[in-house]
K.L.:
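I'd like to ask some things about the structure below.
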Amino acid sequence: MNPTPGNATRRSRSWSRRQFLTRTATLAATAPLLSACGSPGTPRTIRLAAGEKGGFYHAFAQQLARTATTVHIEPLTTTGSLDNLALLARGDADTALILADSLEDHPDPPLAIGRVYENYLQLAVATDSPIHAVADLRGARVNLGSAGSGAARTGEKLLRAADLDPATLTITHLSLAEAVTALTTGTIDALLWAGGVPTPALAPPGIRLLDLAGLTTPMRNRFGHLYDPVTIPAGTYPGSPAINTIGVANLLVAAPALAEDATAALTEVLLRHADSLVPAEAAGTQFLDARSLIATGSVPLHPGAARVYRANHG
């Protein structure tokens, strides 16, 4: 039976009222979120957990902040990958730079925005040191990076790949600047750094790097495929020869809760402004193109990032 005009009008008014109440409730619920994101037309702020001053993480984050216009990047100074993952898990950061092998057994896995560059393991000793290989470190005083850094975890794997028990060494976790001072003054015998090349802090006279070529295969055999053979070109550091070492991909990751549109805007910055995001002095392998950015291994892409890659390259 067809409704009478009066019934239809009442139903229409009733439906409009329900729509109004639903929309009002939705707006009320989302008002704090909209307020937190800023007023319309204001770029959304994305907190980026980077690294310590003097390292490539920090330099990359600063350049990303200067380059981005559609989003506002707020770099956070941290001790490195493990610290960055903890900040993401607590909700104190929205994105982070991490070593790919830092995600092992992590309880709150993030999503990837892209693979942005290669970190080089750089094991430094004094020029006149009798240490010429990792195996020579037995009983030595070795700094494995700041507590909370990815190098702290990767360094232990490196020692084990060389059949060294970390317990047989005196291990410290100083910042890069502190470790360089300790090395040049003889307080420690070696320091491990994972970063781009060159790292300016490792350039002073009196420091040389150890060749790690013989440990790439043991690292891959024992700990997986994330470790690549790479070469630091001759002259990268003043007067240095070419050094073979181990590379670990660096990922830009995001908390799963980061809004898709904000993630997409950040991904567009990586794609559109690659040349502006590589420090002028960098000699290491960069991954700032679509084909390499998406090579994040077992870490799935954030939907916002995947949307941009599909739109640009199918």
Side-chain angles (χ1 to χ4, degrees), residues 55-57 80-82 97-106 109 112 115-125 129-145 149-169 171 173 179 189-199 202 207-237 240-251 282-287 291-299:
F56 203 96
Y57 279 13
S81 298
L82 303 182
L97 292 161
I98 63 166
L99 284 174
D101 67 340
S102 295
L103 285 171
E104 187 177 76
D105 301 323
H106 196 268
R115 180 186 186 192
V116 290
Y117 67 92
E118 187 98 69
N119 264 348
Y120 287 57
L121 297 187
Q122 299 168 70
L123 186 57
V125 297
S129 170
I131 297 170
H132 293 279
V134 177
D136 298 336
L137 290 174
R138 185 170 280 104
R141 302 161 298 174
V142 183
N143 191 77
L144 290 187
S149 69
R153 175 174 290 178
T154 306
E156 291 192 1
K157 293 179 180 178
L158 183 71
L159 295 175
R160 295 188 185 283
D163 294 323
L164 284 178
D165 182 348
T168 65
L169 286 73
I171 293 177
H173 294 289
D189 302 304
L191 71 85
L192 180 70
W193 172 252
V197 294
T199 295
L202 297 179
I207 294 177
R208 63 177 166 85
L209 300 181
L210 300 187
D211 195 296
L212 304 180
L215 293 176
T216 306
T217 297
M219 285 283 281
R220 291 174 69 92
N221 288 344
R222 294 189 64 169
F223 304 111
H225 66 282
L226 296 173
Y227 306 97
D228 304 313
V230 295
T231 300
I232 300 175
T236 297
Y237 294 102
S240 66
I243 297 291
N244 297 307
T245 186
I246 300 168
V248 185
N250 181 78
L251 305 179
T285 302
Q286 312 304 319
F287 298 133
R291 292 167 299 176
S292 299
L293 277 165
I294 62 174
T296 58
S298 61
V299 186

K.L.:
My understanding is that only residues two or more places apart in sequence, or in another chain, count here; which of them pass side-chain hydrogen bond (donor to acceptor under 3.5 Å, both in side chains) with T154?
P.N.:
D101
K.L.:
Determine all donor-acceptor pairs shorter than 3.5 Å in which one atom belongs to a side chain in residues 130-143; sequence neighbours excluded.
P.N.:
from, atom 1, to, atom 2, distance (Å)
D136, OD2, H132, N, 2.9
D136, OD2, A133, N, 3.1
R138, NH2, D163, O, 3.4
R141, NE, D189, OD2, 3.1
R141, NH1, G186, O, 3.3
R141, NH1, T187, O, 3.0
R141, NH2, G186, O, 3.0
R141, NH2, D189, OD1, 2.9
N143, OD1, T172, OG1, 2.9
N143, OD1, H173, N, 3.4
N143, OD1, L174, N, 2.6
N143, ND2, L174, O, 3.3

K.L.:
Distance check, rounded to the nearest 0.5 Å: F56 atom CZ versus Y120 atom OH?
P.N.:
10.0 Å
K.L.:
Mind checking the CG-CD1 spacing from L210 to I243? Nearest 0.5 Å is all I need.
P.N.:
8.0 Å
K.L.:
Enter the distance from L251:CG to Y117:OH here, rounded to the nearest 0.5 Å.
P.N.:
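Rounded to the nearest 0.5 Å, the CG-OH separation comes to 10.5 Å.
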K.L.:
Indicate the atoms forming the closest heavy-atom contact of L99 with Y57, along with that distance.
P.N.:
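Closest approach of L99 to Y57, heavy atoms only: N-OH, 3.0 Å.
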K.L.:
Hey, which of I232, T245, I246, L192 is the one that makes side-chain contact (heavy atoms from CB on, under 4.5 Å) with Q122?
P.N.:
I232
K.L.:
Where do G195 and N119 come nearest, in terms of heavy atoms and distance?
P.N.:
CA-OD1, 3.3 Å
K.L.:
Is a donor on one side and an acceptor on the other found under 3.5 Å between the side chain of R208 and the backbone of S129?
P.N.:
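Such a contact is found between R208 side chain and S129 backbone.
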K.L.:
Out of curiosity, L97 CG to N250 CG, how far, rounded to the nearest 0.5 Å?
P.N.:
5.5 Å
K.L.:
Would you check if the side chain of R115 reaches a backbone N or O of A249 as a donor-acceptor pair within less than 3.5 Å?
P.N.:
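Pair absent, no side-chain N/O of R115 close to backbone of A249.
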K.L.:
Return the minimal non-hydrogen interatomic distance between P218 and A161, and the atom names on each side.
P.N.:
CB-O, 3.8 Å
K.L.:
Quick one, V197 with L202, criterion side-chain contact (heavy atoms from CB on, under 4.5 Å). Give me CA distance, side-chain angles, the key distance, then yes/no.
P.N.:
CA-CA 9 Å; V197 294; L202 297 179; over 6 Å; no
K.L.:
State, to 0.1 Å, how close G145 and S149 come at their nearest heavy-atom pair, and which atoms those are.
P.N.:
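Here G145 and S149 meet closest at C-OG, 3.6 Å.
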K.L.:
Without swapping roles, check the side chain of R220 against the backbone of H225 for a donor-acceptor pair under 3.5 Å.
P.N.:
yes
K.L.:
To the nearest 0.5 Å, what is the distance between CG (N221) and CE (M219)?
P.N.:
11.0 Å
K.L.:
If the condition is side chain to side chain contact (heavy atoms under 4.5 Å, CB included), which residues does T231 pass it with, not counting sequence neighbours?
P.N.:
A242, N244
K.L.:
Taking all atoms of both residues into account, what is the closest heavy-atom pair of F223 and K157, and its distance?
P.N.:
CE1-O, 3.3 Å
K.L.:
Check whether any side-chain N or O of Y237 sits under 3.5 Å from a backbone N or O of T199 as a donor-acceptor pair, and report yes or no.
P.N.:
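Judged by distance alone, yes, a pair lies under 3.5 Å.
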K.L.:
Would you sort out whether I171 and L159 count as a side-chain contact (heavy atoms from CB on, under 4.5 Å), showing the intermediate values?
P.N.:
CA-CA 11 Å; I171 293 177; L159 295 175; 4.2 Å; yes
K.L.:
Do L158 and L144 touch side chain to side chain, with heavy atoms closer than 4.5 Å?
P.N.:
no
K.L.:
Grab the two heavy atoms, one from L123 and one from A190, that are nearest each other, plus how far apart they are.
P.N.:
CD1-CB, 4.3 Å
